[in-house]
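For reference, the structure I am asking about is given below.
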Amino acid sequence: MGLTWRPDRAYLTGLAVAGTRKPVSTRAMHTLPLAQRDDLGNGYYVLWFDSPAPVAASAGQFTMVRSAEWGVAPLLPRPMSLLSGGSRPSMLIKVVGEGTRRMAEDPMGQPYNLLAPLGHAWTPLPEGHRPVLVAGGVGVAPLVYLAEELSAAPDALAPISLYGGRTTRDLPLAERLEACGELAVTTEDGSRGRAGRVTLLLDELLAKAAGSGDKLAVYTCGPHGMMRAVAERAEAAGVWCRASLEAPMGCGYGVCLGCPVAKRDGSYFYTCVDGPCVDAKQVDWTKEVF
Ligand SMILES: Cc1cc2nc3c(=O)[nH]c(=O)nc-3n(C[C@H](O)[C@H](O)[C@H](O)COP(=O)(O)OP(=O)(O)OC[C@H]3O[C@@H](n4cnc5c(N)ncnc54)[C@H](O)[C@@H]3O)c2cc1C
Ligand code: FES
């Protein structure tokens, strides 16, 4: 599937203003040895690094990552959500191509370059709202980070996590969500939780909240189609919703303009600097990214 955007007027305006965008985070290049890799099965791994200079990240931010030992292929670093920051940065990966295959196989101690933290973190939880985290696939990573931040915050209500996967083997880190609050899961084959898509759980929760008057704040990350369905339901219910966007990335900090996602007003988010975490109402979800 190709990109659907074209270099129209809004894109060219984006080129003109790119140089004027302010940096959104205190990014730094961290060269760190691969310290630990947890095999979660079915092509999912968590990579851990030890960082003498802490990575000053918040949930929702990401890193551009590549090993110095990769030579020229793959040439570009890969964008990965941070699963944690500080002195023990980590990320959840799913093997889909050459870069992630190498991450799954490189020996311990191999040096990696992490440009981090990048992008906008999740917007803070509005006061008095219950956080609802809707995750699909590896989109769970920035939501686990958020759930762990929320459970450490003294005043935040415990999150309700709704997590969908194809099978029970596609729900990595479910137990970390569960440790932070309530968790309900769906699988398409019915091998764990309810059979079907995660939006069926969201529909039930939104209907319940409408009856009780509870104020919900939805955070979502996962495949585009899932986030679109979540955003549409939240908007129809008048519920606050933030989404973490995905787009192909070359640089990760606003220079290559390779990461546009269409907005409803006809302009674009440049995902690395305007996102990845954005107000779901501003996204034109009808336009596919990949
Ligand atoms: C902000 C952001 C955060 C991300 N966080 C994570 C994460 O926490 N864990 C994780 O595993 N992945 C994450 N991704 C996706 C990850 O960057 C890609 O899976 C990775 O770049 C693939 O590299 P590769 O060399 O293995 O595959 P490639 O050889 O580059 O691609 C293999 C296949 O995957 C497709 N692909 C590549 N990138 C993406 C993408 N971003 N979304 C959908 N399909 C893609 C390609 O079109 C191709 O079909 C994130 C992407 C972004 C933009
Ligand atoms: S501008 Fe280069 S990845 Fe966003």
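Order of listing sets the numbers, starting from 1, for every ligand and every atom in it.
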(request) Check each heavy atom of T271 against ligand 2 and say whether those closer than 4.0 Å belong to the side chain, the backbone, both or neither. (result)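 None of T271 does.
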(request) If you have a sec, read the angle at atom 4 (Fe) of ligand 2 from C272 atom SG over to C259 atom SG, to 10 degrees. (result)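 Vertex atom 4 (Fe) of ligand 2, arms to SG of C272 and SG of C259: 110°.
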(message) With clusters defined by side-chain heavy atoms of hydrophobic residues (ILVMFWY) lying less than 4.5 Å apart, directly or transitively, does V278 cluster with V132?
(response)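 Hydrophobic grouping puts V132 with V278.
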(message) For a quick check under 3.5 Å, do R27 and Q61 share a side-chain donor-acceptor pair by atom type?
(response)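 No - no donor-acceptor pair under 3.5 Å links their side chains.
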(request) For I160 and R130, run side chain to side chain contact (heavy atoms under 4.5 Å, CB included): C-alpha distance rounded to whole Å, both residues' side-chain angles, the deciding distance at 0.1 Å, then the answer. (result) CA-CA 8 Å; I160 300 172; R130 180 169 293 279; 3.3 Å; yes
(message) For the backbone of L133 and the side chain of S161, can you confirm whether one donor and one acceptor N or O come within less than 3.5 Å of each other?
(response)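 Judged by distance alone, no pair lies under 3.5 Å.
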(message) Taking ring pair (Phe, Tyr, Trp, His ring centres under 6.0 Å) as the cut-off, I'd like each qualifying pair that reaches into residues 184-226, sequence neighbours left out, listed once.
(response)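 Passing the test, one end in residues 184-226: W122-Y219, Y219-W240, H224-W285.
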(message) If the cut-off is 4.0 Å to any non-hydrogen atom of I93, which atoms of ligand 1 fall inside it?
(response)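 By the 4.0 Å cutoff, the relevant atoms are 11 (O).
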(request) Could you say whether the N/O atoms of P79 and ligand 1 ever approach to under 3.5 Å? (result)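 Checking ligand 1 against P79, an N or O pair does fall under 3.5 Å apart.
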(message) I'd like to know if E204 and R194 make a salt bridge, using a cut-off of under 4.0 Å between side-chain N and carboxylate O.
(response)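 Yes.
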(request) Output yes when E232 and R228 qualify as a salt bridge under the 4.0 Å nitrogen-oxygen rule, no when they do not. (result)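 The answer is yes: the pair qualifies as a salt bridge.
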(message) Give me the nearest non-hydrogen protein atom to atom 1 (S) of ligand 2 as residue plus atom name, then the distance to 0.1 Å.
(response)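 Looking at atom 1 (S) of ligand 2, the protein heavy atom closest to it is L257 N, 3.0 Å.
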(request) Check ligand 2 against M249 and write out every atom of the ligand that is under 4.0 Å from a heavy-atom position of the residue. (result)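 Every atom of ligand 2 under 4.0 Å from some heavy atom of M249: 3 (S).
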(message) Assigning hydrophobic clusters by single linkage (Ile, Leu, Val, Met, Phe, Trp, Tyr; side-chain heavy-atom cutoff under 4.5 Å), is L82 placed with V144?
(response)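 No, it is not one cluster - the side chains of L82 and V144 are not joined through contacts under 4.5 Å.
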(request) Could you list which atoms of ligand 1 come closer than 4.0 Å to a heavy atom of A247? (result)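 Counting atoms of ligand 1 from 1, those under 4.0 Å from A247 are 53 (C).
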(message) With heavy-atom distances below 4.0 Å as the criterion, list the atoms of ligand 2 near V255.
(response)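 Near V255, the atoms of ligand 2 are 1 (S).
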(request) Return yes or no for this condition: an N or O of G99 is under 3.5 Å from an N or O of ligand 1. (result)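 For ligand 1, there is an N or O atom that lies under 3.5 Å from one belonging to G99.
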(request) Determine, using heavy atoms of P248 and all atoms of ligand 1, whether some pair is separated by less than 4.0 Å. (result)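 For ligand 1, residue contact (heavy atoms, under 4.0 Å) with P248 is absent.
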(message) Applying a heavy-atom cut-off of 4.0 Å, say which part of L92 lies close to ligand 1: side chain, backbone, both or neither.
(response)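 It is the backbone that gets close, since no side chain atom is under 4.0 Å.
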(request) Could you list which atoms of ligand 1 come closer than 4.0 Å to a heavy atom of K94? (result)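 Selected atoms, number and element: 11 (O).
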(request) Please check if L40 and Y145 belong to a single hydrophobic cluster, counting links between Ile, Leu, Val, Met, Phe, Trp and Tyr side chain heavy atoms closer than 4.5 Å. (result)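 No, L40 does not connect to Y145 through the hydrophobic network.
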(request) Could you list who else is in L114's hydrophobic cluster, with ILVMFWY side chains joined at under 4.5 Å, directly or through other members? (result)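 L114 clusters with L32, L34, Y45, L47, F49, V65, W70, M80, M91, I93, V95, M103, M108, Y112.
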(request) Considering only non-hydrogen protein atoms, determine which one is nearest to atom 3 (S) of ligand 2 and report residue, atom name and distance to 0.1 Å. (result)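 Result for atom 3 (S) of ligand 2: G252 N, 3.3 Å.
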(request) Measure from atom 2 (Fe) of ligand 2 to each N, O or S atom of C256 and report whether any distance is below 2.8 Å. (result)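 Within the cut-off used here (under 2.8 Å), C256 does place an N, O or S atom near atom 2 (Fe) of ligand 2.
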(message) Taking 4.0 Å as the limit for heavy-atom contacts, which would you say applies to M91 with ligand 1: side chain only, backbone only, both, or neither?
(response)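 For M91, no heavy atom sits under 4.0 Å from ligand 1.
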(message) If you measure every N or O of G97 against every N or O of ligand 1, does any of those distances drop under 3.5 Å?
(response)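 N/O-N/O distance below 3.5 Å exists for this pair.
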(message) Has Q110 got a side-chain atom pairing as donor or acceptor with S67's backbone, closer than 3.5 angstrom?
(response)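 No, Q110 side chain to S67 backbone: no donor-acceptor pair under 3.5 Å.
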(request) Report yes or no: does C251 have an N/O/S atom closer than 2.8 Å to atom 2 (Fe) of ligand 2? (result)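 Of the N, O and S atoms in C251, at least one lies under 2.8 Å from atom 2 (Fe) of ligand 2, which means yes.
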(message) Counting only heavy atoms closer than 4.0 Å, does ligand 1 sit against the backbone of M80, its side chain, both, or neither?
(response)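 Looking at M80 and ligand 1, atoms from backbone and side chain both fall under 4.0 Å.
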